[in-house]
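This report concerns only the one structure given below.
Each ligand, and each atom within it, is numbered from 1 in the order the structure gives.
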Amino acid sequence: MKALQLAFCLLGSVVITASCANLPRVRRHAPDWDLAKPMNGLSFERAKAIKEPSNDRTTMHFSHLKGIKAKPGQQHSGVSALSRLRSSSTPGSIKQSFQNISALTAASTQYAIQCGWDGVPVWLLFDTGSSDTWATKTGFKCSDGTGDSHNEAACGFSTPYIDGFGHGQIDELHFYLKYGSGEHISGPMGYSDVSCGGVSVSKQQVGLANNTYWHGNNVTVGILGLAYPAITSAYYGDVGQEAPWNAMSYTPFLTSAISQGTIDPVFSVALIKNSTDGVIAWGGLPPMDWQFRGYAKTDLIIANLVGQPETAWKYSFYTIVPDGIRWDQTTDTTKYPYIVDTGTTMLYLPPPLAESIANSFQPRAVYLYQWGTYFAPCDAIPPHFAIIISGVEFWINPADLIYHDLVDPLTGYCAIGIASGGPGPYILGDVFLQNVLAVFDVGAAEMRFYSRK
Ligand SMILES: *[C@@H]1O[C@H](CO)[C@@H](O)[C@H](O)[C@H]1NC(C)=O
Ligand SMILES: *[C@@H]1O[C@H](CO)[C@@H](O)[C@H](O)[C@H]1NC(C)=O
Ligand SMILES: *[C@@H]1O[C@H](CO)[C@@H](O)[C@H](O)[C@H]1NC(C)=O
Ligand SMILES: *[C@@H]1O[C@H](CO)[C@@H](O)[C@H](O)[C@H]1NC(C)=O
């Protein structure tokens with residue numbers, strides 16, 4: 001009987017019987033992606049290991065991350081670079097071109113981290129997509145897109161502002177960051193003591209913004225850049241004269257912390273369920289009594305933005321290649337790179353996968369073009385869904401796959417946690433990160449994941 005059913009299913013009948021649906025299906029819908037091949041504005045390289053993997057052990061160095069729901073015009077850091085790539089993508093499905101900007105904002109969360117800046121407590125944006133660390137300088141000029149000055153509050157930074165560099169300014173050097181939105185930040189560079197979660201770096205090279213066009217969140221006063229220890233850019237010469245020949249690279253915060261011997265070359269992130277908050281631990285795992293169900297490690301790949309204007313902030317993203325995706329009885333083993341990003345709420349998958357998974361909600365989720373993403377009845381039953389990394393299935397809690405606070409007013413449907421990433425980049429966002437403890441072992445060039453209950 002079993003054999004007969006199998007034969008029936010293999011014939012590809014339109015009628016899927018209950019017994020067919022229970023048979024595991026493995027499929028590939030595209031050739032495996034090639035590391036050497038750029039994808040929609042990103043190039044990839046295997047990160048180089050400089051030491052053996054660290055033993056994962058609890059560290060007392062950790063910081064709480066405070067989630068801030070991003071509002072329109074408020075996405076800075078690597079988050080905005082990723083959002084821009086997604087929204088400017090040539091659609092893999094035509095639907096993508098109708099993407100509403102408001103959908104993007106609902107789909108991102110910024111995280112703030114409290115650090116000491118020459119001993120002064122400040123909230124900084126936590127950003128794994130950029131490497132520069134900067135804060136706002138006392139007496140800064142807040143201007144708008146046309147260059148006209150406004151009062152400081154209009155730029156939306158929190159306080160306290162920073163008066164100067166604890167270890168002196170670097171003459172002739174400044175930093176300049178420009179965003180796709182037209183926003184920009186510039187100012188002098190110097191050395192300050194920066195400490196976050198008990199990890200202190202003395203004489204870290206940092207920027208102080210003295211001239212800004214910025215739509216801030218009123219929570220943070222700058223950015224802590226934690227991108228893969230890559231080349232950062234500072235510039236010699238006058239503001240406005242930035243070019244490759246006057247760029248100067250320097251050691252960013254995380255690399256300094258590692259080279260000053262403060263921590264092992266590892267940090268780990270755990271986002272807290274049912275909350276926008278999280279924890280980052282420096283040099284190990286956060287001291288929390290989570291029960292781990294599974295563990296996997298995989299190579300760390302670095303994705304870099306290509307074709308950026310020379311004066312743009314340099315972005316790079318922590319990236320992995322999972323073995324595949326599993327939902328209900330289906331496993332898709334096509335290999336794609338996925339950026340691991342705390343700033344993105346949803347999971348962005350290749351369009352055919354997103355479509356199949358949306359269809360496997362009961363009742364099925366539908367694509368609402370005005371939002372640019374999928375919605376399902378709020379009481380729909382999500383599929384059993386896992387990301388497979390190095391042979392281990394990391395299951396996503398079904399409750400995390402439906403957003404009860406993101407409701408389409410016309411249909412009354414709720415947004416689901418799976419979205420189409422068009423031609424890329426594909427992203428493992430908070431939906432995934434809330435179900436794991438993610439270890440970024442930059443020293444050994446690998447990522448490790450522990451699945452959480
Ligand atoms: C999408 O954008 C349109 C036009 O800007 C706006 O009227 C509509 O409310 C937006 N849709 C949603 C779901 O926010
Ligand atoms: C900001 O700092 C730069 C670099 O040190 C300096 O050239 C510029 O005059 C300053 N601008 C303001 C408005 O203070
Ligand atoms: C920040 O505060 C300013 C002035 O108080 C206000 O106009 C602005 O809307 C606030 N921005 C956000 C994102 O809350
Ligand atoms: C999370 O929130 C949902 C609804 O808001 C609730 O049903 C669920 O019990 C919460 N889970 C936890 C672990 O608090």
Side-chain angles (χ1 to χ4, degrees), residues 66-77 79-80 83 101-102 104-113 117-118 122-127 132-179 181-192 203-223 232-243 246-250 276-277 311 313 343 345 405:
K66 182 163 89 172
I68 312 165
K69 275 286 170 198
K71 293 191 186 139
Q74 247 192 292
Q75 296 181 8
H76 305 105
S77 68
V79 179
S80 58
S83 304
I101 280 303
S102 55
L104 285 181
T105 49
S108 79
T109 305
Q110 303 176 331
Y111 288 90
I113 181 171
W117 193 287
D118 286 325
V122 291
W123 284 98
L124 301 175
L125 257 180
F126 168 83
D127 185 23
D132 300 271
T133 293
W134 58 269
T136 309
K137 192 175 191 310
T138 307
F140 74 101
K141 179 181 168 210
C142 169
S143 51
D144 61 21
T146 65
D148 290 341
S149 291
H150 290 268
N151 65 29
E152 292 176 346
C155 277
F157 292 108
S158 71
T159 52
Y161 303 136
I162 303 295
D163 291 335
F165 301 97
H167 297 281
Q169 188 165 329
I170 307 168
D171 290 336
E172 311 288 314
L173 202 61
H174 68 276
F175 76 110
Y176 181 85
L177 314 170
K178 193 165 168 29
Y179 298 87
S181 58
E183 292 165 86
H184 54 80
I185 298 286
S186 65
M189 296 204 89
Y191 300 106
S192 289
K203 299 187 184 161
Q204 172 59 42
Q205 184 169 335
V206 291
L208 285 181
N210 69 358
N211 196 348
T212 75
Y213 165 40
W214 191 251
H215 303 299
N217 52 32
N218 296 334
V219 177
T220 53
V221 74
I223 287 183
T232 42
S233 290
Y235 298 92
Y236 288 106
D238 294 333
V239 176
Q241 304 290 306
E242 297 79 17
N246 64 4
M248 177 257 190
S249 71
Y250 67 95
T276 52
D277 295 351
T311 53
W313 195 347
T345 308
D405 55 356

Note to self: Could you tell me, atom by atom, which parts of ligand 3 come under 4.0 Å of a heavy atom of G216?
What the structure shows: 13 (C)

Next item on the list: Using heavy-atom distances, let me know which of N218, V219, N151 sits nearest atom 12 (C) of ligand 3.
Entry: N218

Next item on the list: Closest by any non-hydrogen atom to atom 5 (O) of ligand 2: pick that one out of S186, S143, P188.
Entry: P188

Notebook entry, point to check: Do D132 and Y250 have side-chain N/O donor and acceptor atoms under 3.5 Å apart?
Noted result: yes

Next item on the list: Indicate whether any N or O donor in one side chain lies under 3.5 Å from an N or O acceptor in the other, for D118 and S192.
Entry: yes

Can you name the closest pair of heavy atoms from [X] and [Y] and give their distance?
| X | Y | answer |
| --- | --- | --- |
| P160 | V221 | O-CG2, 3.5 Å |
| T220 | N217 | N-OD1, 2.9 Å |
| D163 | K137 | O-NZ, 3.3 Å |

Margin query: Suppose I only count heavy atoms of Q169 and a 4.0 Å limit; which atoms of ligand 2 are within that range?
Written below: 5 (O)

Margin query: Can you confirm whether more than 12 heavy atoms, excluding those of Q169, are under 6.0 Å from its CD atom?
Written below: yes

Next item on the list: Report yes if N210 has an N/O atom closer than 3.5 Å to an N/O atom of ligand 2; otherwise report no.
Entry: yes

Check: Is ligand 2 less than 4.0 angstrom away from at least one heavy atom of K137?
Finding: no

Check: In terms of residue, atom name and distance, what is the protein heavy atom nearest to atom 7 (O) of ligand 2?
Finding: V239 CG2, 4.5 Å

Margin query: When you measure from atom 9 (O) of ligand 2 to the protein, is at least one non-hydrogen atom found at a distance under 4.0 Å?
Written below: no

Margin query: Checking the N or O distance criterion of under 3.5 Å, is ligand 3 in contact with N217?
Written below: no

Notebook entry, point to check: Do I170 and Y191 touch side chain to side chain, with heavy atoms closer than 4.5 Å?
Noted result: yes

